[in-house]
A.B. asks: 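I'd like to ask some things about the structure below.
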Amino acid sequence: MVERRTTPRHRTFKGGSISFAGAAGIECIVRNLSPAGACLEMASPIGMPEDFDLIIRPEYQRRLCHLVWCNAQRVGVQFV
């Protein structure tokens, strides 16, 4: 597989909350993180919009995200 990321990601295990269109937060785990994006793990990414807000805990850092890829339990996002 060819690495296409512009910056390397670092493994992490942080809590996160995804919100979009006024919906209540969907809990997730931030599995890796870089200044440009992240990999998020959740129960099911079905129905995820292309753009959403992510709160990364414990810092409560808010990031606007764009969905790049998804599979059964993980999604890759680029920070906007």
Side-chain angles (χ1 to χ4, degrees):
M1 177 185 274
V2 176
E3 179 63 55
R4 295 183 289 184
R5 295 181 185 133
T6 57
T7 57
R9 292 197 182 166
H10 303 281
R11 285 183 167 182
T12 186
F13 192 78
K14 296 182 177 195
S17 181
I18 297 167
S19 62
F20 54 91
I26 298 169
E27 296 301 308
C28 66
I29 298 170
V30 181
R31 301 297 292 188
N32 64 43
L33 187 62
S34 79
C39 176
L40 312 176
E41 184 175 302
M42 63 201 70
S44 173
I46 294 174
M48 287 288 297
E50 287 191 20
D51 298 296
F52 55 88
D53 286 319
L54 170 67
I55 303 291
I56 302 171
R57 293 187 301 269
E59 300 91 351
Y60 287 92
Q61 179 183 23
R62 179 179 293 265
R63 300 300 303 257
L64 178 59
C65 298
H66 179 76
L67 184 65
V68 176
W69 61 266
C70 69
N71 64 24
Q73 292 181 322
R74 291 187 179 191
V75 298
V77 300
Q78 180 178 18
F79 296 142
V80 179

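For reference, positions follow the sequence shown, starting with 1.
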A.B. asks: Where do P45 and A72 come nearest, in terms of heavy atoms and distance?
C.D. replies: CD-O, 3.1 Å

A.B. asks: What are the two closest non-hydrogen atoms of F79 and A38, and how far apart are they?
C.D. replies: CZ-CB, 3.9 Å

A.B. asks: Taking all non-hydrogen atoms of both residues, which atom of V75 and which atom of L67 are closest, and how far apart?
C.D. replies: CB-CD1, 3.6 Å

A.B. asks: Please step through side-chain contact (heavy atoms from CB on, under 4.5 Å) for the pair E59 and K14, ending with a clear verdict.
C.D. replies: CA-CA 10 Å; E59 300 91 351; K14 296 182 177 195; 2.6 Å; yes

A.B. asks: Taking the side chain as every heavy atom from C-beta outward, state whether H66 and E50 have any atom pair closer than 4.5 Å.
C.D. replies: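 Heavy-atom side-chain distance check passes, below 4.5 Å.
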
A.B. asks: Which distance, rounded to the nearest 0.5 Å, do you find between the CZ of F52 and the CD1 of I18?
C.D. replies: 5.0 Å

A.B. asks: To the nearest 0.5 Å, tell me how far Q73 CD sits from E41 CD.
C.D. replies: 6.0 Å

A.B. asks: For the atom pair SG (C39) and CG (N71), what is the distance rounded to the nearest 0.5 Å?
C.D. replies: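 Taking SG in C39 and CG in N71, the distance rounds to 7.5 Å.
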
A.B. asks: Which atom pair, heavy atoms only, marks the closest approach of V30 to G15?
C.D. replies: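 Shortest heavy-atom separation between V30 and G15 comes out as CG2-O, 4.2 Å.
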
A.B. asks: I'd like to know whether F20 forms a side-chain contact (heavy atoms from CB on, under 4.5 Å) with D51, so could you lay out the CA-CA distance, the side-chain angles of the two residues, the decisive distance to 0.1 Å, and finally the verdict.
C.D. replies: CA-CA 8 Å; F20 54 91; D51 298 296; over 6 Å; no

A.B. asks: How far does CG of L40 sit from CG of L33, to the nearest 0.5 angstrom?
C.D. replies: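 Reported value, rounded in 0.5 Å steps: 9.0 Å.
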
A.B. asks: At their closest point, which heavy atom of V80 faces which heavy atom of C65, and how far apart are they?
C.D. replies: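 For V80 and C65, the tightest heavy-atom pair comes out as CG2-C, 4.1 Å.
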
A.B. asks: Are D53 and R63 close enough for a salt bridge, meaning some N to O gap below 4.0 Å?
C.D. replies: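 No salt bridge links D53 with R63.
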
A.B. asks: Evaluate the side-chain proximity of S17 to Y60: yes if any heavy-atom separation is below 4.5 Å, no if none is.
C.D. replies: no

A.B. asks: Report the distance from atom OG of S19 to atom CD1 of I55, rounding to the nearest 0.5 Å.
C.D. replies: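 If I round to the nearest 0.5 Å, the distance is 6.0 Å.
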
A.B. asks: Please examine the side chains of M48 and M42, heavy atoms only from C-beta on, and report whether any two atoms are closer than 4.5 Å.
C.D. replies: yes

A.B. asks: Restricting to non-hydrogen atoms, name the atom on G16 and the atom on E27 that form the minimum distance, rounded to 0.1 Å.
C.D. replies: O-OE1, 3.3 Å

A.B. asks: What do you reckon, is CZ of R57 surrounded by more than 12 foreign heavy atoms closer than 6.0 Å?
C.D. replies: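 Result for CZ/R57: enclosed.
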
